2 protein chains.
Amino acid sequence: MSDECVTLEGVREEFVAQWGVIGAQWGINRTMAQIHALLLTAAEAMSTDEVMEYLEISRGNAHTNLKDLVGWGLIRIITKKGERKEFFEAEKNVWEMFRRITRERKRREIDPALETLRKCRDATKSMKDRDAKVFYKQISELEDFVSFGSKMSDRVGSLQHGKAIKLAMKLLG
Amino acid sequence: MSDECVTLEGVREEFVAQWGVIGAQWGINRTMAQIHALLLTAAEAMSTDEVMEYLEISRGNAHTNLKDLVGWGLIRIITKKGERKEFFEAEKNVWEMFRRITRERKRREIDPALETLRKCRDATKSMKDRDAKVFYKQISELEDFVSFGSKMSDRVGSLQHGKAIKLAMKLLG
DNA sequence: ACGAAGTTTCAGTAACTACTGAAAGTAGAT
DNA sequence: ATCTACTTTCAGTAGTTACTGAAACTTCGT
């Protein structure tokens, strides 16, 4: 970050921009990551128009990404009495945020991958030639590993933050 | 997978294709994921030309992605005596594969993210108004969480496979 | 020092993903 | 039933990333 970012808004802008870059590397659309960063560090819930204005993006873009974030469970819709429009507020608890991201990625990406692995394993289970044996062995090991990891992530995700930390401390200690 | 994939090559083709799709969702270029899947399930090391032919891709594309995979430590170059060309072989041990992916992602993506978080935290540490306090608190929590996770991943990555499994079993048990 | 076999680079292009802006849709207020 | 404030959709376009194919480069054998 350049040194002249001495105002809150300067630092925040830098954070939002960088979070977008980081998100993009993880296969998340940049705007979505930026909106998330913005709401995560907002003191109050924001409207679509405020998000549009801050990030200088179109209504359609703001709308789509806000709704996607709601779909991920990372932000929620707030309605204020007397106000007709919707406001958006981020889940601010970091542990909860982590759990939701993990749960969604598992559902959307790990589970289908496991499905593929299982099918490939079953289809080659009883093949006899060398290449098939190599293939079957490799796929089996991969499947065992991924499904083990998947179970672990369920287990960790079901812990309270405090318990998870304690457990992790034992691991690190 | 469609039911008519009854030959090894049919199943393998399906696996390679699917692995490409999964990789893409994780921010990895599709061809790279496909080459990895191909080499991972190969009985023998393969040459650039064999990879090109199998995936029906250009030499430039094959070359770039093979070299990127070498950069990730997921495949290695093999030279056969009497042969002038290079062959490529995947790291087949799944635990080792996992460790290398984790280590690289940490280096390339987590460490820079932490750097950003630290800068943002430091820059707002002594600001007094409400918005700055909210920002500082949120960034701090995020930084603590990410750096904790990063340490955990180092710790787990330094374990032997057997030990990791034992530890995980305790967790699951 | 030349030719053959293989590797690397890169300009141009194709394919894909994200974004805009405007139009259509919805729902509370009068 | 009409107006107004807001939300949703989407066709077209901009921007980005990935891929090709060919030329340049390297290395080894003769």
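In the text below, chain A, chain B and the rest are named by the order of the sequence lines, each starting its count at 1. Everything quoted here is computed from the prediction, not taken from an experiment.
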Give every pair of a protein N or O atom and an N or O atom of nucleotides 18-24 of chain C that lie under 3.5 Å apart, one pair per line with the distance.
from   : atom 1 : to      : atom 2 : distance (Å)
C:dC19 : OP1    : A:Thr31 : OG1    : 2.4
C:dC19 : OP2    : A:Thr31 : OG1    : 3.1
C:dC19 : OP2    : A:Asn61 : OD1    : 3.2
C:dC19 : O5'    : A:Asn61 : ND2    : 3.4
C:dT20 : OP2    : A:Ser58 : N      : 2.6
C:dT20 : OP2    : A:Ser58 : OG     : 2.9
C:dT20 : OP2    : A:Asn61 : ND2    : 3.1

Spacing between B:Asp68 atom CG and D:dC19 atom P, to the nearest angstrom: 11 Å
Given side chains that start at C-beta, do those of A:His36 and A:Met97 come closer than 4.5 Å, heavy atoms only? yes
Is the number of heavy atoms from other residues, nucleotides or ligands within 6.0 Å of CZ (A:Arg105) greater than 12? yes
Is atom CD of B:Glu83 surrounded by more than 12 heavy atoms (other residues, nucleotides or ligands) closer than 6.0 Å? yes
Can you confirm whether more than 12 heavy atoms, excluding those of B:Lys137, are under 6.0 Å from its NZ atom? no
Value in whole Å for how far the P atom of C:dG6 lies from CZ of B:Phe88: 13 Å
Under-4.0 Å salt bridge between B:Arg100 and B:Glu96: yes
Write down the distance between CD (B:Glu83) and P (C:dT7), rounded to a whole number of angstrom. 10 Å
Check this for me, if you would: do B:Glu86 and B:Lys67 make a salt bridge, where the nitrogen-to-carboxylate-oxygen distance has to be below 4.0 angstrom? yes
Round to the nearest Å and state the distance from A:Met52 atom CE to D:dT8 atom P. 14 Å
Rounded distance in Å - NE2 (A:His63) to C1' (D:dC10): 12 Å
Is the shortest heavy-atom distance from the side chain of B:Lys106 to the side chain of B:Asp111 under 4.5 Å? yes
Could you go through nucleotides 2-5 of chain C and list every protein N or O atom that sits under 3.5 Å from one of its N or O atoms, giving the distance for each pair?
from  : atom 1 : to      : atom 2 : distance (Å)
C:dA4 : N3     : B:Arg84 : NH2    : 3.4
C:dA5 : N3     : B:Arg84 : NH2    : 3.2

Salt-bridge test for B:Arg130 and A:Glu44: reply yes if a basic N is under 4.0 Å from a carboxylate O, no otherwise. yes
